[in-house]
A.B. asks: 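Mind having a look at this structure? Questions to follow.
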Amino acid sequence: MTDRVRCGTTGACGTGKGGGYTPAEQERRERVRLQAAEWFEAGESTRTVAARLRVHERPVTRWREGGRPALLSKGPVSREKLSAAQWAARLDAELRRGPLAWGYAEDQCWTLGRVKTLIGRLFHIGYTIEGVGKLLHRHGWSVQVPARRAIERDEEAIALWKAEVWPAVKEPRRTWAPVSARPVVTVRGRGSGRVNMAGVLAFRDGERPHLFYRLHIYHGRKGEPKTFSWRDYRDLIVATHHHLGAPLVWCWDNLNVHLAGQLAGFAAENADWLRIVQLPAYAPELNPAEGVWSLLRRALANFAVTDLPGLVRIVKRKLKEIQYRPDLLTGCLTQTGLTLDTPAKP
């Protein structure tokens, strides 16, 4: 754990390794080891001792080989510099106020260095960076990656969209609800060029979800389109409709090309089977397709390609793997907090 890790609260985290235990936990673990020594002397097998103590056989084997002296805690029992009462009464509350309250305006994240400085200011107690990490672990904090959101977000508009627009979108049970996203992954191989992706997640209550996608390959040539045009998105909508054979409620973000007049005209001409709904501005967490791109980026993290065709092959293979995992697609919808269940009418 380094000085620049991000910290946040979490409901489930354990103590740190290598001396991060409280005195009570340190003593409890020593009692467990000494109990094992008594059973060793009584002739119990390693498997039996492990089962009775509810631990793995590997540490029990080490305890047996080391003998009773090796089972005693090494050195003095560690004593916490900061008491539980001090944490509960002051430090926890100050941490939850956020870094801005203590003058850290550049970002809203606690780091180990900042927490160390805060403890010194409040209690005049010196901690090492490692000690601060162990202290936070003991009190239910863990390393977290901060979620970044645009300053221009309108939280009231997002809440209103989720409360009023989304229920109206999902109400007809026989209507498909696909979601499209702008190209989000740009990867360079040898020379110039990139791969853009547009994806659609289609859901219908009680049925298997579907993923459709299109790739746009840009080779870096003069005059070549660099990304998708409105016609490409129109063709994706048509292909999705033909494949599913059902009316569509098409939810997507406010990318400039999504707002093109030609697409609005196309939707008006095909209103019998197509309805377009815009997501609130700066609210990517409402877009299930963002989950697909996240899965794809994770799958590509350890790949190194030497040319653009190689990158295209890998992207297609990974997207096909995601297509055949309905549990992953369902999880992409779940993480948005949106549901497809239609409430019963009175």
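Hydrogens, waters and symmetry mates play no part in the numbers below; they use all other heavy atoms, side chains included.
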A.B. asks: Any salt bridge between R90 and E94, counting N to O under 4.0 Å?
C.D. replies: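 Salt bridge: yes.
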
A.B. asks: Go through it in stages, so that I can follow the logic: the residues are V60 and F40, the test is side-chain contact (heavy atoms from CB on, under 4.5 Å), and I'd like the CA-CA distance, side-chain angles, deciding distance and then a yes or no.
C.D. replies: CA-CA 10 Å; V60 176; F40 293 155; 3.6 Å; yes

A.B. asks: Report yes or no: does Q278 contribute a side-chain atom to a donor-acceptor pair with the main-chain N or O of D253 at less than 3.5 Å?
C.D. replies: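 It does hold such a pair.
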
A.B. asks: Measuring from K316:NZ to Q323:CD, what's the distance to the nearest 0.5 Å?
C.D. replies: 11.5 Å

A.B. asks: Is atom CZ of R317 surrounded by more than 12 heavy atoms (other residues, nucleotides or ligands) closer than 6.0 Å?
C.D. replies: yes

A.B. asks: What closest approach, in Å, do L244 and A202 show between heavy atoms, and which atom pair accounts for it?
C.D. replies: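 Closest approach of L244 to A202: CD1-CB, 3.8 Å.
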
A.B. asks: Rounded to the nearest 0.5 Å, what separation is found between the CH2 atom of W141 and the CG atom of L95?
C.D. replies: 4.5 Å

A.B. asks: Rounded to the nearest 0.5 Å, what's the gap from NE2 on H258 to CD1 on I276? Could you check?
C.D. replies: 9.5 Å

A.B. asks: Would you say L215 and N196 make side-chain contact, with heavy atoms under 4.5 Å?
C.D. replies: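 Side chain of L215 against side chain of N196, heavy atoms only: no contact under 4.5 Å found.
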
A.B. asks: On the ring face of W102, is R114 found with NZ or CZ under 6.0 Å from the centre and within 45° of the axis?
C.D. replies: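 Ring-cation test returns no.
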
A.B. asks: For V195, is there any backbone N or O sitting under 3.5 Å from a side-chain donor or acceptor partner on H216?
C.D. replies: no

A.B. asks: Report whether V200 and W273 are members of the same hydrophobic cluster (ILVMFWY, side-chain heavy atoms less than 4.5 Å apart, transitive linking).
C.D. replies: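 Yes, because V200 and W273 connect within a single hydrophobic cluster, where side-chain heavy atoms sit under 4.5 Å apart.
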
A.B. asks: Please tell me whether Y233 and W252 form a close aromatic pair, meaning their ring centres lie under 6.0 Å apart.
C.D. replies: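 Yes, the ring of Y233 comes within the 6.0 Å limit of the ring of W252, centre to centre.
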
A.B. asks: Looking only at heavy atoms, which two atoms of D232 and T227 are closest? And how far apart?
C.D. replies: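 Scanning both residues, the minimum pair turns out to be OD2-O, 4.4 Å.
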
A.B. asks: Among the clusters formed by ILVMFWY side chains lying less than 4.5 Å apart, do V238 and L263 turn up in the same one?
C.D. replies: yes

A.B. asks: L329 versus I322: any side-chain heavy-atom pair under 4.5 Å?
C.D. replies: yes

A.B. asks: Looking at side-chain heavy atoms only, is the closest gap between W250 and T240 below 4.5 Å?
C.D. replies: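 Counting from C-beta outward, W250 and T240 do come under 4.5 Å.
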
A.B. asks: Should L135 and L122 be counted in the same cluster of Ile, Leu, Val, Met, Phe, Trp and Tyr side chains packed under 4.5 Å apart?
C.D. replies: yes

A.B. asks: Do F228 and L236 have side chains that approach each other closer than 4.5 Å (heavy atoms only, starting at C-beta)?
C.D. replies: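 No. Closest side-chain heavy atoms not under 4.5 Å.
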
A.B. asks: Any idea which heavy atoms bring L333 and P288 closest together, and the distance?
C.D. replies: CD1-CG, 3.9 Å

A.B. asks: Can you check side-chain contact (heavy atoms from CB on, under 4.5 Å) on I237 and H241, steps first, answer last?
C.D. replies: CA-CA 6 Å; I237 294 173; H241 173 59; 5.6 Å; no

A.B. asks: State, to 0.1 Å, how close Q335 and G291 come at their nearest heavy-atom pair, and which atoms those are.
C.D. replies: NE2-CA, 3.2 Å

A.B. asks: Taking the side chain as C-beta and beyond, is there a heavy-atom pair between L136 and W110 under 4.5 Å?
C.D. replies: no

A.B. asks: Does the side chain of D235 come within less than 4.5 Å of R214's, by heavy atoms?
C.D. replies: no

A.B. asks: If you round to the nearest 0.5 Å, how far is OH of Y218 from CZ of R194?
C.D. replies: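 Here the interatomic distance stands at 6.5 Å.
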
A.B. asks: Does some side-chain heavy atom of V49 sit less than 4.5 Å from a side-chain heavy atom of V55?
C.D. replies: no

A.B. asks: Is there a path of hydrophobic side-chain contacts, each under 4.5 Å between heavy atoms of I/L/V/M/F/W/Y residues, joining I217 to Y213?
C.D. replies: yes

A.B. asks: Can you sort out the partners of T46 under side-chain hydrogen bond (donor to acceptor under 3.5 Å, both in side chains), two or more places apart, ordered by chain and number?
C.D. replies: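 So T46 forms a side-chain hydrogen bond (donor to acceptor under 3.5 Å, both in side chains) with R64.
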
A.B. asks: Would a distance-only check, ignoring hydrogens and angles, find a side-chain to backbone donor-acceptor pair under 3.5 Å from T336 to C332?
C.D. replies: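 No: the side chain of T336 does not pair with the backbone of C332.
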
A.B. asks: Atom CG in L112, atom NZ in K134: separation rounded to 0.5 Å?
C.D. replies: 12.0 Å

A.B. asks: Stepwise, does the side-chain contact (heavy atoms from CB on, under 4.5 Å) test hold for L319 with M197?
C.D. replies: CA-CA 10 Å; L319 285 173; M197 284 163 282; 4.1 Å; yes

A.B. asks: Measure the CZ-CG distance between R234 and N270 for me, rounded to the nearest 0.5 Å.
C.D. replies: 10.5 Å

A.B. asks: Can you name the nearest heavy-atom pair linking A289 to L201, along with the distance?
C.D. replies: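 Shortest heavy-atom contact: N-CD1, 3.8 Å.
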
A.B. asks: For the residue pair E57 and A50, what are the closest heavy atoms and their distance?
C.D. replies: CG-CB, 3.8 Å

A.B. asks: Does any part of the side chain of E224, heavy atoms only, come nearer than 4.5 Å to the side chain of H219, both counted from C-beta?
C.D. replies: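 The answer is yes; the side chains approach within 4.5 Å.
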
A.B. asks: How about CG on D327, more than 12 heavy atoms from neighbouring residues, nucleotides or ligands closer than 6.0 Å, or not?
C.D. replies: yes

A.B. asks: With a 4.0 Å cut-off, would you call R96 and D92 a salt bridge?
C.D. replies: yes

